[in-house]
Amino acid sequence: MPRANDEAAAALREYADLFALSGGDAFRVRSYQKAAKAVAGFAQDLTPDNVRTVPGVGDAIAKKITQFLKDGSFRQLDDLRAKIPDGVRQLTRVPTLGPKTAIMLFETYGIDSPDALAEAIAAGRLAGVKGLGPKSLTKLLKGIEQLRQNAGKVHIGVAMSMAEQVIAALSDSADRIDYAGSLRRMKDRIGDVDILAVAPPSIMAEFRAQSYVTEVIAGGDAKTSVMTTEGLQIDLRVVPAESWGAAMQYFTGSKEHNVALRERAVKKGWRLSEYGLFDGEDVLAAAEEKDIYAKLGMQYVPPPLREGIGEVEAAVRGELPLVVELSDLVGDLHTHTDLTDGLASLADMVAAAADRGYAYYAVTDHAPDLAMQRMTLDKMLRQREELRQLQRRYPKLRLLHGTELNIGPDGSVDWPGDVLADFDVCVASVHSHFDQPREEMTRRFITACENPNVDIIGHPTTRKIGRREPVDADWDAIFQVAARTKTIMEIDSYPDRSDLPVDLVRLAKHHGVKFSVDSDSHAIPHLAYQRFGIGIAQRAWLTVDDVVNTWPLTRLREFIGRDH
DNA sequence: GCCGTTTTCGGCCCGACTGTTTTCAGTCG
């Protein structure tokens with residue numbers, strides 16, 4: 001992943017937020033937001049020479065980015081940072097609280113953080129404020145509570161990209177270096193990143209000097225903890241080369257998995273620690289993680305399965321499932337282009353898909369009910385024709401013309417039935433009315449599942465990690481229907497969605513539901529997000545039989561009833 | 001601030017929902 005792009009995009013997003021808070025023109029705010037998105041989704045690494053070719057970047061923003069690439073910031077950003085406390089920007093992360101309210105609260109009441117806001121509401125200081133009635137204040141308190149629960153955690157996309165950045169920066173100074181912890185177990189929310197290295201002590205100084213380090217929390221020869229610009233803690237540990245495998249095992253966890261492993265060692269009269277597996281003074285295994293599992297007389301347990309939920313027992317019996325791997329995927333069934341809210345053209349997305357070696361690839365732009373996307377029947381048909389033309393260039397890649405439908409409050413979807421029947425695949429997703437009562441929401445999903453033209457339910461819970469809670473529905477009932485109607489549940493790999501979440505994947509599998517691990521790409525770099533969806537699938541013990549886009553196209557077509 | 005089968009100004013994805021308003025502002029997708 002191109003890091004300079006991500007950092008520049010973050011700076012532009014921050015600038016857009018601060019610019020909005022300072023009362024800046026809404027259209028200019030949108031220009032910065034648009035540019036940030038385009039920069040993050042730009043397929044090449046950003047340089048002063050190509051920055052002007054990013055769509056949505058004109059002379060003014062190009063100048064800011066160029067300065068950012070050189071100095072790690074730009075003047076206008078520094079100015080606004082000095083004027084508006086970071087806490088005021090944090091205020092806008094409270095759901096239903098936007099820039100207008102945030103700046104009013106700051107300027108009129110001196111409220112400069114979500115905590116200060118909670119305090120002011122509790123103290124009654126905001127009673128009777130114009131525009132903020134009792135219902136609004138209650139909502140704000142609830143939003144602040146949500147924010148607190150997510151505090152200190154980031155989604156896996158942020159953590160992975162930080163970890164890879166650290167490893168890339170330090171790998172020349174280390175014999176071995178890798179990430180462990182919950183990140184290696186592919187959890188969707190990460191509290192801190194654990195990195196292990198076999199390296200001389202001087203690596204610690206190098207680590208502390210990295211540009212993204214904002215604070216050194218603890219610094220010794222064996223372990224250094226820092227806080228980063230993303231608000232994410234990173235621990236770097238130097239471990240002896242001879243106990244690398246034991247250390248990786250120990251620091252990958254989970255705690256419950258390690259307890260089960262140590263119990264097994266004790267039963268054999270041995271001892272397992274982060275330094276190795278020992279029989280008295282004798283080292284049985286230590287340098288390689290795989291040797292530890294082998295010596296303990298069990299199958300190797302892939303990190304995403306290490307949750308202490310029966311995997312140790314299964315591995316001892318030799319009954320661990322052969323979980324699905326990233327390399328098993330032969331297609332992607334949910335992607336966008338710039339015809340709706342994607343960044344790249346159809347031709348560019350398809351070319352990138354072909355590079356990834358897929359057997360099939362579905363283009364699924366939004367349908368007319370998401371009015372903001374301005375989709376029309378005519379546009380859709382023209383896209384289909386363009387796709388058919390492109391198909392001639394890619395004999396090995398089967399291009400599928402699909403759509404991402406909008407599931408309305410009553411469970412109906414957009415486009416008439418005869419139009420739907422002509423698509424190769426239909427994803428259907430909820431994009432609004434997230435607060436329906438549980439019964440209505442359940443009926444809504446069941447209606448969608450029972451629609452014969454709906455093949456896949458996209459990002460089913462619609463959660464956004466740290467920003468939006470999952471919708472409330474009776475998933476047990478929905479999955480029963482989905483299994484009967486052969487409606488596929490999506491594992492949306494976009495890391496802040498990570499949707500379905502693991503526990504619901506397990507529940508759905510229990511009912512016999514099949515899954516599609518899709519990227520939901522809105523830009524070329526997003527195609528690689530499937531690795532996160534595979535992490536979810538592995539954590540739920542899914543095999544290739546559970547995941548439809550590991551199947552040959554003929555089997556997939558037959559399953560969704562589009563084989564005529 | 002960006003962009004141009006509107007060529008250098010005048011638009012900029014549009015609509016709905018919510019709570020509060022008595023006609024609408026703010027927020028969200």
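Numbers restart at 1 for each chain; the letters A, B, ... are given by sequence-line order, proteins then strands. This one's a predicted model, so the numbers in the text were calculated from it and none came from an experiment. These values consider heavy atoms only, across backbone and side chains, with no hydrogens, waters or symmetry-generated copies.
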Within residues 63-100 of chain A or reaching into it, pairs that qualify as ring pair (Phe, Tyr, Trp, His ring centres under 6.0 Å) - sequence neighbours excluded: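 Listed once each, the pairs are A:Y15-A:F74.
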Please check if atom NZ in A:K64 has more than 12 non-hydrogen atoms from other residues, nucleotides or ligands closer than 6.0 Å.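 Correct, the count exceeds 12.
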Around atom NZ of A:K379, are there more than 12 heavy atoms from other residues, nucleotides or ligands closer than 6.0 Å?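 Atom NZ in A:K379 is crowded, with more than 12 foreign heavy atoms closer than 6.0 Å.
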Between A:G56 and A:F27, who's closer to the 5' end of DNA chain B by nearest nucleotide? A:G56
Suppose you measure atom [atom1] in [N] against the same atom in [M]; what distance do you get, rounded to whole Å?
{"N": "B:dG10", "M": "B:dA16", "atom1": "P", "answer": "30 Å"}
{"N": "B:dC2", "M": "B:dT7", "atom1": "C1'", "answer": "14 Å"}
{"N": "B:dT22", "M": "B:dG29", "atom1": "P", "answer": "28 Å"}
{"N": "B:dT20", "M": "B:dG15", "atom1": "P", "answer": "26 Å"}
{"N": "B:dG11", "M": "B:dT6", "atom1": "P", "answer": "14 Å"}
{"N": "B:dT21", "M": "B:dT27", "atom1": "C1'", "answer": "16 Å"}
{"N": "B:dC13", "M": "B:dT5", "atom1": "P", "answer": "16 Å"}

Results of ring pair (Phe, Tyr, Trp, His ring centres under 6.0 Å) for A:F559 - residues two or more places apart only: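 A:F559 satisfies ring pair (Phe, Tyr, Trp, His ring centres under 6.0 Å) with A:W551 only.
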Closest of B:dC13, B:dC3, B:dG1 to the A:R374 side chain is B:dC13
Which of these nucleotides, B:dC3, B:dG1, B:dC17, is closest to any side-chain atom of A:R52? B:dC3
Whole angstroms only, please: what is the [atom1]-[atom2] distance between [X] and [N]?
{"X": "A:K34", "N": "B:dC3", "atom1": "NZ", "atom2": "C1'", "answer": "8 Å"}
{"X": "A:D338", "N": "B:dC13", "atom1": "CG", "atom2": "P", "answer": "14 Å"}
{"X": "A:I61", "N": "B:dC12", "atom1": "CD1", "atom2": "P", "answer": "19 Å"}
{"X": "A:N406", "N": "B:dC13", "atom1": "CG", "atom2": "P", "answer": "20 Å"}
{"X": "A:Q436", "N": "B:dC17", "atom1": "CD", "atom2": "P", "answer": "11 Å"}
{"X": "A:D341", "N": "B:dC14", "atom1": "CG", "atom2": "C1'", "answer": "14 Å"}
{"X": "A:E404", "N": "B:dG29", "atom1": "CD", "atom2": "C1'", "answer": "12 Å"}
{"X": "A:I65", "N": "B:dG1", "atom1": "CD1", "atom2": "P", "answer": "13 Å"}

How is [X] classified with respect to the nucleic acid when contacts are heavy atoms under 4.0 Å: base, sugar-phosphate, or nothing?
{"X": "A:K64", "result": "sugar-phosphate"}
{"X": "A:R468", "result": "sugar-phosphate"}
{"X": "A:D59", "result": "sugar-phosphate"}
{"X": "A:F434", "result": "sugar-phosphate"}

May I ask which nucleotide in the shown strands pairs with B:dG19, Watson-Crick or G-U wobble, both distances under 3.5 Å? B:dC24
Please tabulate, for side-chain N and O atoms in residues 132-144 of chain A, each donor-acceptor pair with protein atoms closer than 3.5 Å (sequence neighbours left out).
| from | atom 1 | to | atom 2 | distance (Å) |
| --- | --- | --- | --- | --- |
| A:T138 | OG1 | A:P134 | O | 2.8 |

Using side chain to side chain contact (heavy atoms under 4.5 Å, CB included) as the criterion, list what pairs up with A:R467, not counting sequence neighbours.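 Listed in chain order: A:K464, A:D496.
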Using side chain to side chain donor-acceptor pair (under 3.5 Å) as the criterion, list what pairs up with A:S345, not counting sequence neighbours. A:D348
Is a side-chain donor or acceptor of A:E490 paired with a backbone partner of A:H459 at a separation under 3.5 angstrom?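 Checking the backbone N and O of A:H459 against the side chain of A:E490, a donor-acceptor pair under 3.5 Å is found.
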5' to 3', nucleotides 18-26 of chain B under a 4.0 Å protein heavy-atom cut-off (B base, S sugar-phosphate only, - none) gives SSS-----S
